[in-house]
Amino acid sequence: AEGTSVLLTGFGPTFAGYFIQGAFKYGGYEFWRKKFIDALGTETAQNNRTLIYSASSGIAEFFADVALCPLEATRIRLVSQPTFATGLVSGFSRILKEDGVIRGFYSGFGPILFKQIPYTMTKFVVYERVLESFLDAAGPKEKLSRQSMTAINLGSGLVAGVAAAIISQPADTLLSKINKSSGTGSITSRLVGLAGELGVRGLFLGLGPRIVMVGTLTAFQFAIYGDLKTVFNATGGAEIAKKKKD
C-alpha cells in the first residue's frame, strides 16, 4: 500500500545502533574476559570458565545496550510515527530536544536489559562450550584450515543461537506484548501480570520462527567474528578452554 521504500523506514538508526552494539558486545566480551583471566590467573579461570564467559558477556551486553538504547528509541519512533522526522539525525535531535536524554532515550532501557542480557550470556556460553567440544573432536585449531574453522564457528554459532532463542523467548514475547498495550503500574508488575495471563505455552508462542531467525543470524555472526579475528591477526587472545589431552 505504501511502496517498497517504507520497508526501509528506520534503517539509519537500525544500522548505526546494531553496528555500535555489536562492537561493544563482541569487543567488550574479549576485553572483560581478558580482565577476569588476568585477575584470577589462568588455572583458576580455566576451572571457572563458564562463569567467566557468563560474566564477561553480561557486562559487555550492559554497555552495548547503553549505546544501543538511544538509537533503538529513535528507530521505534520513526517506524511508529512516519511523519515524526525524515531520518536518524533529525529524529535523534527532535527526541533529545522534546523529551530529553532519560525520558526520550532510556525509558525502555530496563526491558531491553531484561531481554538482551540472558540472550547474550546464553549465546556466548553455549558457543564457547560447543566450540570446545568441536575442537576436541577435530583437533587443535592451529592445525585446522581457515575453511574448517569457519565451518566450526558456523556450527557452534548455530547451536548457540538456538539455545539463546529458547532462553530469551519468554522475555521477547513479554516485551512485544507490553509495547502493544497500555497499562498502569510499574514495568515489573505489568510483566508479571502478562506472564500470568499468557502461561508457559503462551510465553513460547512463535518460538519456531524465532529459532530459525536467531539460529541463522548467530551462526553467521560467529563465523564473521572468527574470520575477522583471523584477518586482523587477533587470534592470540586469552584462551581458557580445556584442551583434550593426547
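Worth saying up front: this structure is predicted, and the values here are computed from it rather than measured.
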message: Please list all pairs meeting ring pair (Phe, Tyr, Trp, His ring centres under 6.0 Å) that have one or both residues in residues 75-98, counting only residues at least two apart or in different chains.
response: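 Pairs touching residues 75-98 that pass the test: Phe92-Phe105.
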Would you call [X] and [Y] a side-chain contact if the rule is heavy atoms closer than 4.5 Å?
X	Y	result
Ile52	Leu40	yes
Asn153	Leu131	yes
Leu96	Val101	yes
Phe222	Ser156	no

So, for [X] and [Y], which heavy atoms are closest and what is the spacing to 0.1 Å?
X	Y	result
Leu203	Ala195	CD2-CA, 4.4 Å
Gly10	Leu78	CA-CD1, 4.2 Å
Ser57	Met121	OG-CA, 3.3 Å
Val66	Pro70	O-CD, 3.4 Å
Gly206	Pro209	O-CD, 3.3 Å
Gly104	Ala73	O-CB, 3.6 Å

query: Would Ser148 and Ser145 count as a side-chain hydrogen bond (donor to acceptor under 3.5 Å, both in side chains) if you check the C-alpha gap in whole Å, the side-chain angles of each, and the deciding distance to 0.1 Å?
result: CA-CA 5 Å; Ser148 296; Ser145 67; 2.9 Å; yes
- prompt: Does Lys35 NZ have over 12 foreign heavy atoms under 6.0 Å away?
  reply: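 No, NZ of Lys35 has 12 or fewer neighbouring heavy atoms, counting only those of other groups under 6.0 Å.
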message: Quick check on Glu43: does its CD atom have over 12 non-hydrogen neighbours (other residues, nucleotides or ligands) under 6.0 Å away?
response: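 Result for CD/Glu43: open.
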With no hydrogens and no angle check, do the side chains of [X] and [Y] hold a donor and an acceptor under 3.5 Å apart?
X	Y	value
Arg210	Ser168	yes
Gln21	Glu72	no
Thr50	Arg129	yes

For [X], what residues pass the side chain to side chain donor-acceptor pair (under 3.5 Å) criterion, not counting sequence neighbours?
X	answer
Gln169	Thr173
Thr42	none
Thr150	Asp227
Glu98	Arg94

How many angstroms lie between [atom1] in [X] and [atom2] in [Y], if you round to the nearest 0.5 Å?
X	Y	atom1	atom2	answer
Tyr26	Ile224	OH	CD1	9.0 Å
Phe134	Leu144	CZ	CG	12.5 Å
Thr122	Ile117	OG1	CD1	11.5 Å
Leu88	Thr14	CG	OG1	9.5 Å
Leu154	Thr216	CG	OG1	10.0 Å
Lys34	Ser56	NZ	OG	12.0 Å

For the hydrophobic clusters of this structure (ILVMFWY residues joined by side-chain heavy atoms under 4.5 Å, transitively), does one cluster hold both [X] and [Y]?
X	Y	result
Val125	Leu113	yes
Leu194	Phe114	yes
Ile112	Leu71	no
Val200	Leu207	yes
Phe11	Phe19	yes

CA sep, side-chain torsions, deciding dist, call: Phe124, Tyr119, ring-ring contact (aromatic ring centres under 6.0 Å, His included): CA-CA 9 Å; Phe124 276 98; Tyr119 165 83; 9.4 Å; no
- request: Just do the salt bridge (charged side-chain N to carboxylate O under 4.0 Å, His left out) check on Arg33 and Glu128 with the steps written out, would you?
  value: CA-CA 12 Å; Arg33 186 178 61 172; Glu128 294 284 7; 3.1 Å; yes
- prompt: Stepwise, does the side chain to side chain contact (heavy atoms under 4.5 Å, CB included) test hold for Gln221 with Lys25?
  reply: CA-CA 12 Å; Gln221 282 178 346; Lys25 179 186 294 188; 5.7 Å; no
field: Any residue meeting side-chain contact (heavy atoms from CB on, under 4.5 Å) with Phe63, in chain and number order, not counting sequence neighbours
entry: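 Once residues adjacent in sequence are excluded, the partners of Phe63 under the side-chain contact (heavy atoms from CB on, under 4.5 Å) criterion are Phe24, Trp32, Ile59.
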task: Might you work through the side chain to side chain contact (heavy atoms under 4.5 Å, CB included) test for Leu158 and Val130, ending with a clear yes or no?
output: CA-CA 10 Å; Leu158 179 62; Val130 172; over 6 Å; no
task: Show your working on salt bridge (charged side-chain N to carboxylate O under 4.0 Å, His left out) between Lys115 and Asp65 and close with a plain yes or no.
output: CA-CA 11 Å; Lys115 171 188 172 183; Asp65 290 340; over 6 Å; no
message: Is it the case that the ring center of Phe62 lies less than 6.0 angstrom away from the ring center of Phe109?
response: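 Yes - the distance between ring centres of Phe109 and Phe62 falls below the 6.0 Å cut-off.
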message: Determine whether the aromatic ring centres of residues Phe220 and Tyr225 are separated by less than 6.0 angstrom.
response: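 For Tyr225 and Phe220, the ring centres are not under 6.0 Å apart.
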message: Working note: Ile20 + Leu68, criterion side chain to side chain contact (heavy atoms under 4.5 Å, CB included); need CA distance, chi angles, decisive distance, verdict.
response: CA-CA 7 Å; Ile20 293 170; Leu68 170 68; over 6 Å; no
field: Under 3.5 Å: donor-acceptor pair, side chain of Arg49, backbone of Gln46
entry: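 Present.
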- request: Using the side chain to side chain contact (heavy atoms under 4.5 Å, CB included) rule, take Val214 and Val162 through it: C-alpha gap first, then chi angles, then the decisive distance, then the call.
  value: CA-CA 7 Å; Val214 175; Val162 171; over 6 Å; no
query: For the residue pair Tyr29 and Tyr53, does the interplanar ring angle fall in the parallel (under 30°), tilted (30 to 60°) or perpendicular (over 60°) class?
result: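 The arrangement is tilted - the two ring planes meet at 30° to 60°.
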